[in-house]
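Atoms within a ligand are numbered from 1 in the order they appear, just like the ligands themselves. Quantities reported herein were computed from a predicted structural model and do not represent experimental measurements.
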Amino acid sequence: MDNRPIGFLDSGVGGLTVVRELMRQLPHEKIVYIGDSARAPYGPRPAEQIREYTWEMVNFLRAQDVKMIVFACNTATAVAWEEVKKALSIPVLGVILPGASAAIKVSSQGKIGVIGTPMTVSSDIYREKIQLLAPNIQVLSLACPKFVPIVESNEAKSSLAKKIVYESLAPLVGRVDTLVLGCTHYPLLRPIIENVMGPDVVLIDSGAECVRDISVLLNYFQINASRDSLLPNHQFYTSAGVESFQEIANSWLDEEINVEDVEL
Ligand code: DGL
């Protein structure tokens with residue numbers, strides 16, 4: 001047993017889509033979350049800067065005595081996960097491998113689409129991981145740089161969001177049987193994405209998939225939180241926009257949460 005928290009990091013509110021799934025599947029695990037909304041989006045930034053910012057969040061979480069760190073961000077996973085995982089003695093998880101293997105499992109015709117930030121798409125990491133396991137699968141990747149800003153500004157349900165999603169996804173419509181939401185912000189746009197892609201395309205939420213791996217690792221290292229204790233008080237930190245973070249979190253998580261401002 002280990003009642004220390006699990007640390008989550010993201011460039012902003014996107015990691016909440018991972019956290020929601022964790023709260024559902026593992027309600028006794030305490031969460032410490034850091035979102036770097038002041039510097040979001042990360043996706044268009046150079047790799048070296050993303051690496052530096054990610055390390056700042058990792059060190060922030062380590063100072064909170066976490067027992068595990070989850071990169072609830074595809075962009076940070078693509079750039080810095082391997083390096084951070086090697087450097088730390090606690091387990092460090094990313095969202096890309098779980099998303100890639102889930103897509104392989106459900107793809108009926110071997111045509112997988114991947115949408116993500118410019119960095120995730122240019123790294124080509126999803127294609128690499130998918131084709132390593134299943135070389136015959138075709139991967140079509142598309143960067144959607146307008147999605148993160150619209151989610152961060154709490155406009156995911158607006159008509160502007162609809163317009164942006166329709167226009168951005170047009171090149172993939174009718175060409176894939178499975179679509180990986182390769183950015184943790186994108187599940188907040190899921191109803192619109194579903195509408196655009198149509199009922200025959202299976203959507204994969206890379207963040208939600210990663211919660212299964214969290215559970216496996218907690219069991220493997222025997223570091224589950226005790227189930228006898230009261231439900232934990234989670235702690236959320238953001239580097240900007242506490243109110244907007246709180247609003248998005250309250251509606252997405254369906255519960256009131258504690259959010260504090262922090263300087264990274
Ligand atoms: N949630 C991050 C991801 O999964 C968004 C990155 C960004 O800020 O551009 O990639």
| query | Can you list the ligand 1 atoms lying under 4.0 Å from a non-hydrogen atom of N74? | reply | 3 (C), 4 (O), 10 (O)

| query | Should the pair F245 and Y33 be assigned to parallel (<30°), tilted (30 to 60°) or perpendicular (>60°) ring geometry? | reply | perpendicular

Which heavy atom of the protein is the closest neighbour of [atom], given with residue, atom name and distance?
atom                    : answer
atom 7 (C) of ligand 1  : Y42 N, 3.2 Å
atom 9 (O) of ligand 1  : G43 N, 2.7 Å
atom 10 (O) of ligand 1 : T75 OG1, 2.6 Å

| query | Can R45 and Q49 be said to form a side-chain hydrogen bond (donor to acceptor under 3.5 Å, both in side chains), step by step? | reply | CA-CA 7 Å; R45 294 181 182 276; Q49 202 171 43; 3.2 Å; yes

| request: Flag the pair H234 / I257 as yes when at least one side-chain heavy-atom distance between them is below 4.5 Å, and no otherwise. | output: no

| query | What about T120: any of its N or O atoms under 3.5 Å from an N or O on ligand 1? | reply | no

| query | Mind checking whether T117 has an N or O less than 3.5 Å away from an N or O of ligand 1? | reply | no

| request: Report yes or no: does a heavy atom of C73 sit under 4.0 Å from some atom of ligand 1? | output: yes

| message | If we set the cut-off at 4.0 Å for heavy atoms, which region of S11 has an atom near ligand 1: side chain, backbone, both, or neither? | response | side chain

| Counting heavy atoms only, which part of D10 comes closer than 4.0 Å to ligand 1: side chain, backbone, both or neither? | side chain

If we count only N and O atoms by modelled type, under 3.5 Å, do the side chains of [X] and [Y] hold a donor and an acceptor together?
X    : Y    : answer
D2   : N224 : no
E255 : N250 : no
T120 : N74  : no
S239 : S37  : no

